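Since the structure comes first, as structure tokens, the remarks are kept for the end.
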Amino acid sequence: MPEGRIRVGVLASGRGSNLQAIIDAIEKGTLDAVLGVVISNKMDAPALERARNHGAPAVFLDPKAASSREDYDRDILEQLRVYNVALVVLAGYMKIVTSVLLEAYTERMMNIHPSLLPAFPGLAPHKQALDWGVKVSGCTVHFVTEGVDAGPIIRQAAVPVLEMDTEETLAARILVEEHRIYPEAIQLFAQGRLRVEGRQVRIR
Ligand code: GRF
């Protein structure tokens, strides 16, 4: 393992296609990072299998074993420390992150959301976009702060919304862009090129 590469910890609840894009970028050499650990709140999350296939530690942490959300995040934090994680990447992670993780990983935790924030935060963003009738949507990588999908924006990509779109077709078009910009954003972090100034993320 090359020296000096930042260690990324991914939190994922589901299929893990964004995780896979990150793994692919690491394996291709376009992302100078090490996948330190993948943690899931779902025992059968395909994301865990993707981690194992890459040879990375895959950890299931049972939320039911924790007495509160904060306690659960303490369990996560412990694992992140065991694997010496410098950057936390949320990739389809379906739990609210508490102040326990936010404080430990301030400006060191990213999320991706399938809309052009600040439009359509929260649940069902593709449906929100279609219902609103927007002509353009996309995805956003941002630092995680207390508000839902509200942190400083690192990278965005836009796609057209077509008349015939369903949630599924729009999601598929956006997902292609997610898989491109998430590894890019992590690479910028890995290169030490991101600086947060209030709401602005400056890229050097
Ligand atoms: C992605 O659309 C991501 O933007 C959202 O949840 C979905 C996760 O998909 N936060 P995957 O598990 O990475 O395939």
Side-chain angles (χ1 to χ4, degrees), residues 8-28 31 33 35-54 56 58-61 63 76 87-98 101-102 105 109-132 134 136-161 165-187 189:
V8 172
V10 175
L11 307 189
S13 304
R15 68 184 165 184
S17 72
N18 277 287
L19 167 64
Q20 191 61 52
I22 293 162
I23 290 172
D24 292 347
I26 290 172
E27 291 182 353
K28 265 191 298 182
L31 173 54
L35 184 59
V37 63
V38 174
I39 300 172
S40 185
N41 58 318
K42 299 278 181 198
M43 192 162 44
D44 54 359
L48 291 173
E49 192 56 31
R50 294 181 194 269
R52 286 186 208 105
N53 290 340
H54 175 66
V59 176
F60 161 63
L61 287 178
I76 291 182
L87 173 70
V88 177
V89 169
L90 309 184
Y93 182 59
M94 300 307 287
K95 282 182 74 72
I96 302 276
V97 165
T98 72
L101 282 182
L102 286 172
Y105 281 92
M109 179 157 37
M110 291 181 186
N111 181 42
I112 191 159
H113 183 74
S115 76
L116 291 176
L117 291 170
F120 317 132
L123 295 176
H126 309 100
K127 179 169 190 315
Q128 291 188 55
L130 292 174
D131 288 350
W132 199 262
V134 292
V136 174
S137 191
C139 48
T140 304
V141 179
H142 62 91
F143 282 114
V144 179
T145 57
E146 227 169 277
V148 175
D149 301 320
I153 289 170
I154 302 164
R155 263 254 188 292
Q156 290 185 303
V159 305
V161 179
D165 268 337
T166 61
E167 281 180 62
E168 289 70 31
T169 59
L170 178 59
R173 192 173 311 118
I174 293 174
L175 198 60
V176 173
E177 297 304 309
E178 293 186 38
H179 295 166
R180 183 173 63 79
I181 67 169
Y182 217 178
E184 279 179 11
I186 298 166
Q187 174 68 353
F189 184 95

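Just so it is clear, the values below take in all heavy atoms, side chains as well, and ignore hydrogens, waters and symmetry mates. Just so we're clear, the structure is a prediction, and the values are computed from it rather than from any experiment. Atoms within a ligand are numbered from 1 in the order they appear, just like the ligands themselves.
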What I want to know is whether [X] and ligand 1 share at least one N or O pair that is separated by under 3.5 angstrom.
X	value
N111	no
A91	no
G16	yes
H126	no

Dump the intermediate steps for side-chain contact (heavy atoms from CB on, under 4.5 Å) on H54 and I26, then the final yes or no.
-> CA-CA 10 Å; H54 175 66; I26 290 172; 4.2 Å; yes
Nearest non-hydrogen protein atom, [atom]:
atom	result
atom 8 (C) of ligand 1	G92 CA, 3.5 Å
atom 10 (N) of ligand 1	I112 O, 3.0 Å
atom 3 (C) of ligand 1	E178 OE1, 3.2 Å

H113 side chain to F120 backbone, donor-acceptor under 3.5 Å | yes
Is a side-chain N or O of Q128 found less than 3.5 angstrom from the main chain of P121, in a donor-acceptor match?
-> yes
I76 versus N41: any side-chain heavy-atom pair under 4.5 Å?
-> no
Any chance you could lay out the side-chain contact (heavy atoms from CB on, under 4.5 Å) test for F189 and I154, step after step, and finish with the verdict?
-> CA-CA 10 Å; F189 184 95; I154 302 164; over 6 Å; no
Mind listing the closest non-hydrogen atom pair of A91 and V10 along with its distance?
-> CB-CG1, 3.9 Å
If you measure from each heavy atom of P114 to ligand 1, is any distance below 4.0 Å?
-> yes
